[in-house]
Amino acid sequence: MKKGENTVRYDIVMVTYNSMKWLRACVAALAAVQYPLEELHLVFADNGSTDGTLEELRRMAGEYPAFGGFTVAENGANLGFGAACNRGAAKGSAPLLFFLNLDTEVWPDVFLRLDEAAVRAPQETAAFECRQFPYETGHHIDPVTLETSWASGAALAVRRAAFTSVGGFDEHLFMYCEDVDLSWRLRAGGYRLQYVPAARVTHYSYENGGPKLGEYAGSFYGNLLLRYKFGSWRDIWRGHKMYLGALRRPLHFNGVRRVLAKNYLRHFIKLWPFLFWRFSHRAEYGARPARFEGGFSPDRGLWKFTPPQETPLISVIVRTCGRPQTLKRTLESLRWQTYRNFEIIVAEDGPPAAREMVKRDFAELPIRYLNDGRFHGRAANGNRGLAAARGALCNFLDDDDFFYPDHLELLAGVLCAHPEADLVLGSAMAMFVAKDGTVTEVRPMVFDRIDRFTMCQNCRIPIQTVLFRRSLFERYGGLIETLEAHEDWGMWLKYLEHGRRITPHAPDVRRATSLFVQPAAQSDAAARMEAYRKSDADFYSDASLCFNVTLADMRRYYDDMIADMRCLEARGELHEFLEQQAKRGE
């Protein structure tokens with residue numbers, strides 16, 4: 001029996017393949033964690049390394065006797081990532097498996113945070129995905145429950161019983177997308193996956209943020225194979241269309257077309273196990289959770305995280321009016337913020353419908369509840385919250401919108417890196433919700449240009465996407481109280497006119513860090529737009545909202561529009577784009 005075998009909580013499975021340069025730093029970080037080392041069993045599944053990795057592992061086994069085990073499983077050949085993980089998992093018996101890439105270093109509290117998440121999560125939660133630095137994975141997560149449609153295998157804790165029940169990783173996937181496949185089979189088996197923003201690892205493979213040739217080509221290949229396994233016939237057809245489109249116009253790597261073409265021809269030989277699984281697991285296929293368009297889930301984008309140089313107090317102003325259950329979900333999303341020096345000002349218009357709920361369910365959050373029982377209107381209510389703010393930085397969050405866990409930390413880091421700026425403009429996802437509460441779609445809301453010229457045409461700034469200095473409110477006022485709608489549009493126009501920006505004509509952060517709700521039904525969307533149109537006359541006649549737009553501004557907009565159309569034409573997407581615009585015009 002290995003030392004500590006009966007007390008091991010985590011089997012940490014790491015696949016090695018000529019990984020000599022990563023070994024020391026990865027194991028040293030594991031040895032420095034704030035966790036009993038006898039509860040951690042290190043398992044190295046080696047795929048036939050020839051660079052001295054095995055010899056180094058044998059030396060290190062004697063250097064770290066405090067671990068609950070130090071096992072080296074020699075596979076003798078390169079079996080691929082998933083197959084090696086399966087063999088590594090079989091070398092232990094701990095209730096939790098922790099799959100970890102060698103080019104990572106865990107943070108000292110990672111296992112404490114994973115334990116907290118495991119205790120807090122519903123029993124059917126089978127997998128816990130860690131947060132990666134300096135680039136987080138870009139897929140969408142539920143900002144309230146932290147549930148995710150798939151989890152990255154670079155740093156992933158999985159309950160052994162669940163992993164075993166679905167048969168582990170699919171060994172027909174040599175590398176790339178095997179974590180997506182495992183995630184979908186877990187979900188099809190009735191399990192949930194959860195993102196744990198407090199459990200952090202540094203992942204050095206993503207230091208530059210851009211994809212590598214192997215990852216780029218492998219992701220297309222794996223995506224296509226997974227469509228045979230989980231997708232409809234329409235999904236499969238779309239997969240071929242997408243793959244051939246990439247083959248015609250790939251990203252710029254040396255030899256990329258040759259690799260893509262080779263993989264495409266090879267997939268006709270490799271697809272049969274995926275089709276066989278589909279027909280032999282009809283129950284799982286019937287519950288298929290696959291989503292292929294634009295990737296494996298809605299993509300929030302990648303952004304290099306820079307820790308804030310300072311941690312000023314941020315005031316989050318939440319406007320609400322008589323809907324405590326809606327407000328409750330929004331406040332839940334603030335529980336998971338990775339930036340901790342913030343206060344929440346809940347400004348409720350009208351009767352104090354949410355007072356008891358806030359006091360009972362969110363006692364641990366730094367909330368100040370404002371309510372005098374009177375109706376002030378949307379704008380005046382928001383300004384009451386701004387006036388009460390104690391933070392030097394402010395951020396609105398309406399009661400039906402959400403922050404992703406990294407929102408405050410990422411925007412504060414960008415603003416602190418530019419102390420001369422008055423505001424930082426972020427990006428958002430739009431969530432379309434049916435009348436029964438069902439989420440029908442989540443997609444990025446991308447605005448490539450945000451300047452006075454485009455903002456005079458329509459509002460391109462969702463209210464929750466901006467972190468701004470409170471001094472702007474003190475000098476130029478807040479929400480326009482004479483308007484029943486567009487009240488934030490007018491405020492942003494003033495702040496763009498007078499405030500100092502980081503990026504003159506575009507959003508400062510192109511990773512979606514917040515999410516706002518839109519009605520899925522066309523009738524509801526039309527009714528919302530009609531309500532806004534009632535304020536158009538007052539908005540456009542407001543003398544305080546008159547700004548000069550120069551010929552240079554207009555020329556820059558025209559040049560950028562022509563450049564965008566030429567880009568679409570080169571990609572063969574211009575005709576489709578113009579058709580979509582024509583439909584919207586109808």
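All values derive from a computational prediction rather than experimental measurement.
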**Q** How are the rings of Trp150 and His139 set relative to one another: parallel (under 30°), tilted (30 to 60°) or perpendicular (over 60°)?
**A**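 Judged by the thresholds at 30° and 60°, the geometry between Trp150 and His139 is tilted.
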
**Q** Suppose we screen for side chain to side chain donor-acceptor pair (under 3.5 Å). Which residues come up paired with Arg368, at least two apart in sequence or across chains?
**A**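 Arg368: side chain to side chain donor-acceptor pair (under 3.5 Å) contacts with Glu343.
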
**Q** Can you list every pair that meets side-chain hydrogen bond (donor to acceptor under 3.5 Å, both in side chains) and has a residue in residues 408-431, with sequence neighbours left out?
**A** Arg131-Glu409, Thr338-Glu409, Asp422-Arg500

**Q** Below 4.0 angstrom, N of the basic side chain to O of the carboxylate: do Glu497 and Lys494 qualify?
**A**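 Salt bridge between Glu497 and Lys494, a charged N being under 4.0 Å from a carboxylate O: no.
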
**Q** Could I get the full list of side chain to side chain donor-acceptor pair (under 3.5 Å) partners for Thr311, not counting sequence neighbours?
**A**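 If we apply the side chain to side chain donor-acceptor pair (under 3.5 Å) test to Thr311, skipping adjacent residues, there are no hits.
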
**Q** Considering all heavy atoms of both residues, which atom of Ala127 and which atom of Leu156 are nearest to each other, and what is their separation?
**A** CB-CD1, 4.0 Å

**Q** Could you check whether Asp399 pairs with Arg329 (Lys NZ or Arg NE/NH1/NH2 to Asp/Glu carboxylate O, under 4.0 Å)?
**A** no

**Q** When rounded to the nearest 0.5 angstrom, what distance separates CZ in Phe362 from CE in Met357?
**A**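 These two atoms lie 5.5 Å from each other.
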
**Q** Applying ring pair (Phe, Tyr, Trp, His ring centres under 6.0 Å), can you list everything that pairs with His498, at least two apart in sequence or on another chain?
**A** Tyr476

**Q** Please collect all salt bridge (Lys or Arg N to Asp or Glu O under 4.0 Å) contacts where either partner lies in residues 309-320, sequence neighbours excluded, each pair once.
**A** Arg319-Asp398, Arg319-Glu487

**Q** Please check if the number of heavy atoms outside Glu364 that lie under 6.0 Å from its CD is greater than 12.
**A**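 Above 12, so yes.
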
**Q** Looking at residues at least two apart in the chain, or sitting in another chain, which of them share a ring pair (Phe, Tyr, Trp, His ring centres under 6.0 Å) with Phe453?
**A** Tyr557

**Q** Got a salt bridge between Lys328 and Asp361, using NZ or NE/NH1/NH2 to carboxylate O under 4.0 Å?
**A** yes

**Q** I need the Phe402 CZ to Leu334 CG distance, nearest 0.5 Å.
**A**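 Spacing of CZ (Phe402) from CG (Leu334) equals 10.5 Å.
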
**Q** As an exercise, state the distance from OG of Ser315 to CG of Leu393, rounded to the nearest 0.5 Å.
**A**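 Separation between the atoms: 8.5 Å.
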
**Q** Does CZ belonging to Arg340 count more than 12 external heavy atoms closer than 6.0 Å?
**A**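 Yes - once you tally the heavy atoms of other residues, nucleotides and ligands closer than 6.0 Å, there are more than 12.
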
**Q** Hey, are Arg501 and Asp451 close enough for a salt bridge, meaning a charged N less than 4.0 Å from a carboxylate O?
**A** no

**Q** What residues, two or more places apart in sequence or in another chain, satisfy side chain to side chain donor-acceptor pair (under 3.5 Å) together with Thr513?
**A**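 His407.
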
**Q** My understanding is that only residues two or more places apart in sequence, or in another chain, count here; which of them pass side chain to side chain donor-acceptor pair (under 3.5 Å) with Gln464?
**A**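 In terms of side chain to side chain donor-acceptor pair (under 3.5 Å), with neighbours along the sequence ignored, Gln464 is linked to Ser514.
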
**Q** Within a 6.0 Å radius of atom CD on Glu147, are there more than 12 heavy atoms belonging to other residues, nucleotides or ligands?
**A** yes

**Q** For Phe98, check ring pair (Phe, Tyr, Trp, His ring centres under 6.0 Å) against everything at least two apart and list the hits.
**A** Phe111

**Q** Please confirm whether the ring centroid of Tyr216 lies under 6.0 Å from the ring centroid of Phe253.
**A** yes

**Q** Tell me, please, which residues at least two apart from Arg384 pass salt bridge (charged side-chain N to carboxylate O under 4.0 Å, His left out).
**A**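 Residues passing salt bridge (charged side-chain N to carboxylate O under 4.0 Å, His left out) with Arg384: none at all.
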
**Q** Taking ring pair (Phe, Tyr, Trp, His ring centres under 6.0 Å) as the test, write out the residues that go with Phe99, two or more places apart.
**A**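 Listed in chain order: Phe163, Phe169.
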
**Q** Applying ring pair (Phe, Tyr, Trp, His ring centres under 6.0 Å) as the test, list every pair that has at least one member in residues 310-330; sequence neighbours left out.
**A** none

